[in-house]
Amino acid sequence: MPDHVHMLIGLNPAQSISDLMRLVKGDSSEWINKERLTSFKFQWQEGYGAFSYSKSQIDNVVKYIINQQEHHKKVTFLEEYIKLLDNFGVSYDERYIFKEPI
C-alpha cells in the first residue's frame, strides 16, 4: 500500500517490539534513501501500531495482508486503524493517530 505497511512477525517474548520497530523503520528508511526510491527524502511517521494474534489466527492474518489492496478500496487505512484500536479496547489521543500522507 502506498501509505502503510502490514507485517506479520513471530517475536520471541524476550524481544522488544519498540527495538524491533526502531530497527525496521531506521534500516528501511536508510535503504530507501540510499537507493533513491523516492524523489524526496523518505521518512516514516512517528509511532507504529502493534497487535498480537494467537497462532490459530495466523492464516486469517496472512489472507488479510495478501488481500489488503482490495480491502482498502472499501475501508481506508485510517478508518481501519481506529476500528482496530476500538476493537482491542485501546484508548488513544486523536493527536497521536497516524496522519494521511501529504
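As the structure is a prediction and not an experimental result, all values here were calculated from the model. FYI, side chains are in, hydrogens and waters are out, and symmetry mates aren't considered; it's all heavy atoms of this structure. We count residues from 1, following the sequence as given.
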Checklist entry - Rounded to the nearest 0.5 Å, how far does CD of Q15 lie from CG of N12? => result 5.0 Å
Item to check | Note, I97 side chain near Y81 side chain (heavy atom, < 4.5 Å) | outcome: yes
Checklist entry - Of all residues at least two apart in sequence or in a different chain, which pass the side chain to side chain contact (heavy atoms under 4.5 Å, CB included) check with L20? => result I9, L11, V24
Checklist entry - In chain order, what residues pass the side chain to side chain contact (heavy atoms under 4.5 Å, CB included) check against Q69, with sequence neighbours excluded? => result M1
May I have the list of side-chain donor-acceptor pairs in residues 30-37 shorter than 3.5 Å, sequence neighbours left out?
{"residue": "N33", "atom": "OD1", "partner": "F42", "partner atom": "N", "Å": "2.7"}
{"residue": "N33", "atom": "ND2", "partner": "S29", "partner atom": "O", "Å": "3.0"}
{"residue": "N33", "atom": "ND2", "partner": "F42", "partner atom": "O", "Å": "3.0"}

Checklist entry - How would you list all residue pairs meeting salt bridge (Lys or Arg N to Asp or Glu O under 4.0 Å) that involve residues 72-91, not counting sequence neighbours? => result E70-K73
Item to check | Residues in side chain to side chain contact (heavy atoms under 4.5 Å, CB included) contact with Y96, at least two apart in sequence or another chain | outcome: D93
Item to check | With sequence neighbours excluded, residues passing ring pair (Phe, Tyr, Trp, His ring centres under 6.0 Å) with Y48 | outcome: none
Checklist entry - Do the rings of H4 and F77 sit parallel, tilted or perpendicular, given the 30° and 60° boundaries? => result parallel
Checklist entry - Does some side-chain heavy atom of W44 sit less than 4.5 Å from a side-chain heavy atom of V5? => result yes
Checklist entry - Tell me the salt bridge (Lys or Arg N to Asp or Glu O under 4.0 Å) pairs involving residues 42-55, sequence neighbours left out? => result none
Item to check | CA sep, side-chain torsions, deciding dist, call: H72, T76, side-chain contact (heavy atoms from CB on, under 4.5 Å) | outcome: CA-CA 5 Å; H72 285 307; T76 69; 5.9 Å; no
Next on the checklist: If you count heavy atoms of other groups shown closer than 6.0 angstrom to CG of L78, is the number above 12?
Outcome noted: yes
Next on the checklist: Using the side chain to side chain contact (heavy atoms under 4.5 Å, CB included) criterion, which residues pair with D19? Sequence neighbours excluded.
Outcome noted: S16, R22
Item to check | Set of residues satisfying side-chain hydrogen bond (donor to acceptor under 3.5 Å, both in side chains) with respect to S56, sequence neighbours excluded | outcome: S54
